[in-house]
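Please read the structure below before turning to the comments.
Every value quoted in this text rests on a predicted model; they were computed, and no experiment measured them. Chain letters run A, B, ... following the sequence lines, proteins first, then strands; residues in each count from 1.
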Protein chains: 2
Amino acid sequence: MNRKATALDVAKLAGVSRSAVSLVLNGRGDGNVALESQQRIREAAATLNYTPNKIALSLRNRQSRIIGIVSDQVVTSPFDGNIIAGADAVAREHGFVTVVMDTELDGSRDEGAVETLLDRQVDGLMYVTVGLRPLHVPANMERVPSILANCFDDRPEAGVGAVIPDEVRGGREAAEHVMSLGHRDIAFLAGDSLTPAAPRRIQGYRDAFLRAGLPVNEARVLQVGWDIDAGFHGAMKLLDGAEAGRRPTAILCANDRLAIGVVLACYRLGLSVPQDISVMGYDDEFRVAKSMVPALSTMALPLREMGAAAMTALLGDVTHHRTHVAEGSETDGAPGGSGTETMVPCRLVVRESTGPVPEGR
Amino acid sequence: MNRKATALDVAKLAGVSRSAVSLVLNGRGDGNVALESQQRIREAAATLNYTPNKIALSLRNRQSRIIGIVSDQVVTSPFDGNIIAGADAVAREHGFVTVVMDTELDGSRDEGAVETLLDRQVDGLMYVTVGLRPLHVPANMERVPSILANCFDDRPEAGVGAVIPDEVRGGREAAEHVMSLGHRDIAFLAGDSLTPAAPRRIQGYRDAFLRAGLPVNEARVLQVGWDIDAGFHGAMKLLDGAEAGRRPTAILCANDRLAIGVVLACYRLGLSVPQDISVMGYDDEFRVAKSMVPALSTMALPLREMGAAAMTALLGDVTHHRTHVAEGSETDGAPGGSGTETMVPCRLVVRESTGPVPEGR
DNA sequence: TTGAAAGCGTTACCAC
DNA sequence: GTGGTAACGCTTTCAA
């Protein structure tokens with residue numbers, strides 16, 4: 001590996017000083033360096049294929065242009081990777097790079113991950129989780145501008161800003177979608193309450209009934225889990241043995257996997273989707289919802305948008321933080337959108353698993 | 001943010017020179033620094049909460065201890081994230097950090113991603129893909145030690161080393177599993193041939209018949225796609241309308257999603273799995289295979305192992321490379337395991353979707 | 001208009 | 001056994 005060209009190499013080749021090179025290549029040549037020299041410098045840089053050493057730059061500028069992302073299991077699980085993709089895209093646009101550390105769901109690794117990142121002099125920190133949940137924010141995280149994506153500070157005063165999906169509204173709009181198709185006996189299959197996603201989506205479901213002036217039948221709400229088998233057994237409980245007139249005409253699921261389970265159960269019982277029963281998912285999971293048979297109507301989580309919004313806010317803070325520190329006017333705590341909680345709406349996706357309510361129901 | 005303590009701060013507090021601090025904190029104090037001073041230095045470092053600035057270290061050592069990972073869509077897709085997790089775990093063990101750039105399947109971004117990473121002075125590069133495939137290795141990738149994970153150099157001479165799953169053997173062992181249950185009329189549902197995964201798994205399937213001295217019925221091999229609907233329609237073609245005696249007794253799928261589609265089709269046709277028909281997946285997809293109804297027998301991809309193996313090889317190269325360069329004895333090309341292709345075996349996972357062949361078949 | 005020098009935080013070498 | 005100094009590659013200030 002032939003060592004990369006340095007600014008000095010360029011200066012030599014162009015027959016000028018290092019400073020001139022720096023000036024010109026940073027756009028501050030005009031008025032400082034002779035036009036002829038500028039030309040020669042640019043040429044030299046081009047032929048030597050020169051790009052400044054980011055490490056030296058970081059040291060000099062006391063800014064690494066690295067954003068640290070710690071996640072609970074975004075890397076290892078198949079979910080929510082698009083939060084990071086959205087965040088990374090924004091970072092890249094601004095000349096930042098992200099380094100992500102996945103704790104693989106081991107909370108005791110949080111502090112260590114943040115420490116490692118801090119040691120690397122990251123300019124900002126983002127915590128991303130799989131599934132909405134309260135987060136015990138690692139203490140050392142607040143030493144640089146920080147933000148939370150898909151999770152929120154579990155302390156009441158909410159020290160760190162957060163970007164989360166509007167799950168209540170998502171649940172409500174899902175229910176309203178099937179209501180608009182004439183359904184009234186609507187079941188809701190949710191995961192456990194270990195994460196707030198389920199309760200919030202259920203809350204939205206209730207809101208829809210309230211708004212419609214309809215009573216909520218609590219027996220129709222089943223908290224069963226998050227996986228295919230849970231959906232299957234939940235649906236069996238709802239449908240097996242019930243006469244056609246007494247079973248729900250629509251089943252709303254808190255994620256697409258549950259919906260798979262529900263459809264599986266329907267088929268097993270000889271029921272058609274959506275003719276006999278409408279089924280809805282949640283998440284619009286990549287290469288699942290769209291390719292199911294039938295293709296799943298679902299509520300898409302705004303993952304990319306959340307990541308992008310979080311990164312945009314964070315980068316704003318990073319910049320402010322820097323100028324503040326430069327001015328010596330410490331903001332003292334409260335970075336990262338300063339405790340603001342931003343809600344991003346979900347997006348209804350109508351496909352083929354939901355249809356008009358059967359005749360007579 | 002109160003600026004972090006530097007070695008100078010520690011030296012001052014301990015009343016010694018910076019060099020002494022450096023020596024002691026790097027374990028080379030004994031025989032160089034008075035024991036009493038060593039003690040004071042350690043204390044000072046502790047009270048100041050001193051950790052060396054990695055950026056300065058990188059500049060000084062001309063080694064960033066960062067490994068760049070570029071991926072086609074590992075971040076954005078739900079698959080294969082465990083390759084990166086496995087790689088990252090090994091990197092972390094060795095004091096390295098990984099930064100991954102996802103090109104989101106846009107091949108034209110490859111060179112740029114590598115460039116960005118190179119600018120950041122990464123010590124090594126890894127390319128990771130979703131699904132086995134030949135890779136047109138970005139030219140600038142070979143400027144530092146490099147390795148491929150789940151992909152292989154598309155040039156015949158294979159310049160860059162690679163770690164890939166043994167798909168042929170995986171396909172063979174899948175077939176042998178159902179054969180051991182007495183099945184003889186076995187169908188294989190594969191994705192398209194755009195990636196070599198399908199052909200290789202099919203090859204393995206054929207090998208199993210060959211080894212068993214059985215003829216291969218080519219009409220039983222269907223290349224339909226990779227998603228749920230493809231599995232559904234493929235299975236329909238195989239099963240719908242066929243008398244019980246003329247349909248395959250087992251369907252092997254090239255991934256778990258296809259298997260979901262197959263099970264869906266079976267249920268729709270009133271067939272039981274595995275009583276009437278055995279179904280096998282491939283990948284052991286997280287939170288899919290295990291929770292399907294019935295739980296899917298499948299062939300697990302050795303994702304973590306592949307990532308770990310690739311990173312181990314790469315790190316070895318990084319170290320050699322360094323010493324070589326230091327000695328001025330350029331290896332000149334051929335880094336990254338020097339074109340070696342390492343195969344990692346898949347792992348058979350038997351669950352409930354495969355069972356003994358039905359009576360009379 | 002140009003170039004010299006200081007400084008970012010380390011470590012390693014070399015006098016003392 | 002100790003501490004000063006140079007060097008890593010860059011930017012920026014200041015003097016010529």
Side-chain angles (χ1 to χ4, degrees), chain A residues 1 3-41 44-45 48-66 95 118-121 123 322 325-326, chain B residues 1 3-41 44-45 48-66 95 118-121 123 322 325-326:
Chain A
M1 157 171 110
R3 235 175 80 271
K4 262 192 63 178
T6 77
L8 184 56
D9 298 326
V10 177
K12 274 188 195 151
L13 182 58
V16 298
S17 76
R18 285 216 297 273
S19 358
V21 174
S22 174
L23 250 11
V24 172
L25 264 29
N26 288 312
R28 234 154 334 130
D30 288 356
N32 286 315
V33 179
L35 269 136
E36 195 217 358
S37 305
Q38 294 198 31
Q39 186 57 20
R40 258 180 305 134
I41 289 173
L48 288 175
N49 220 300
Y50 169 78
T51 56
N53 181 320
K54 299 272 191 205
I55 303 253
L57 259 173
S58 297
L59 186 58
R60 167 72 227 216
N61 298 341
R62 286 117 148 281
Q63 202 210 16
S64 61
R65 293 192 91 80
I66 297 181
L118 249 18
D119 270 359
R120 293 270 174 180
Q121 317 293 121
D123 296 332
R322 268 184 65 70
V325 168
Chain B
M1 157 169 111
R3 233 174 82 270
K4 264 191 60 178
T6 78
L8 185 56
D9 298 326
V10 176
K12 274 187 195 151
L13 182 58
V16 298
S17 74
R18 286 215 298 272
S19 354
V21 174
S22 173
L23 250 10
V24 171
L25 264 29
N26 289 312
R28 240 160 324 135
D30 288 356
N32 286 316
V33 180
L35 269 133
E36 196 215 359
S37 306
Q38 294 198 32
Q39 185 57 19
R40 259 181 302 135
I41 289 173
L48 257 40
N49 220 299
Y50 168 78
T51 55
N53 180 321
K54 298 272 191 206
I55 304 252
L57 257 173
S58 297
L59 185 58
R60 170 68 232 224
N61 297 342
R62 288 118 148 280
Q63 201 209 18
S64 62
R65 293 192 91 79
I66 296 181
L118 248 19
D119 271 358
R120 293 269 175 182
Q121 317 292 123
D123 296 332
R322 268 184 64 71
V325 169

Quiz item: Considering all heavy atoms of both residues, which atom of A:Ala11 and which atom of A:Arg18 are nearest to each other, and what is their separation?
Solution: CB-N, 3.8 Å
Quiz item: Rounded to the Å, how far apart are B:Gln121 CD and D:dC8 C1'?
Solution: 11 Å
Quiz item: Side chains of A:Asp30 and A:Gln38: closer than 4.5 Å at any heavy-atom pair?
Solution: yes
Quiz item: In this structure, which one of A:Val24, A:Val21, A:Val16 forms a side chain to side chain contact (heavy atoms under 4.5 Å, CB included) with A:Val10?
Solution: A:Val21
Quiz item: Is there a side-chain polar atom (N or O) of B:Arg62 under 4.0 Å from OP1 or OP2 of C:dT11?
Solution: no
Quiz prompt | Sugar-phosphate only, base, or nothing, as touched by A:Ala20 at under 4.0 Å among non-hydrogen atoms | solution = nothing
Exercise. Rounded off to whole Å, could you give me the CG-to-P distance for the B:Leu8 and C:dG7 pair?
Key: 12 Å
Quiz item: How close or far is atom P of D:dC10 from atom CZ of A:Arg28, stated in whole angstroms?
Solution: 15 Å
Quiz item: Can you tell me how far P of D:dG1 sits from CZ of B:Arg40, to the nearest Å?
Solution: 15 Å
Exercise. Please report the closest heavy-atom contact between A:Tyr50 and A:Thr6, naming both atoms and the distance.
Key: CE1-C, 3.4 Å
Practice problem: Between A:Leu35 and A:Arg18, just flag the one whose closest nucleotide in DNA chain C comes earlier from the 5' side. | Solution: A:Leu35
Self-check item: Value in whole Å for how far the P atom of D:dG9 lies from CG of A:Leu25
Solution: 17 Å
Quiz prompt | Spacing between B:Leu23 atom CG and C:dC14 atom P, to the nearest angstrom | solution = 14 Å
Self-check item: Toward the 5' end of DNA chain D, by each residue's nearest nucleotide, B:Arg60 or B:Ser37
Solution: B:Ser37
Quiz prompt | Quiz item: A:Ser19 side-chain donor-acceptor pair to C:dA4 base, under 3.5 Å | solution = yes
Quiz item: Could you give the CG-to-C1' distance, from A:Asn26 to D:dG9, as a whole number of Å?
Solution: 13 Å
Exercise. Ignoring the backbone of B:Ser17, work out which of C:dT1, D:dC10, D:dG3 is nearest its side chain.
Key: D:dG3
Quiz item: To the nearest angstrom, how far is A:Gln63 atom CD from C:dG7 atom P?
Solution: 22 Å
Exercise. Taking only heavy atoms on the protein side, list every residue of residues 48-59 of chain A lying under 4.0 Å from any atom of DNA chain D, sorted numerically.
Key: A:Tyr50, A:Pro52, A:Asn53, A:Ala56, A:Leu57
Quiz item: Shortest non-hydrogen contact from A:Ile55 to B:Ser64?
Solution: CD1-CB, 4.0 Å
Quiz item: Among the nucleotides D:dC10, D:dT5, D:dT12, which one has an atom lying closest to any side-chain atom of A:Thr6?
Solution: D:dC10
Quiz item: For the atom pair CD1 (A:Ile66) and NZ (A:Lys54), what is the distance rounded to the nearest 0.5 Å?
Solution: 10.5 Å
Quiz item: How long is the span from the CZ atom in B:Arg62 to the CG atom in B:Asp123, to the nearest 0.5 Å?
Solution: 12.0 Å
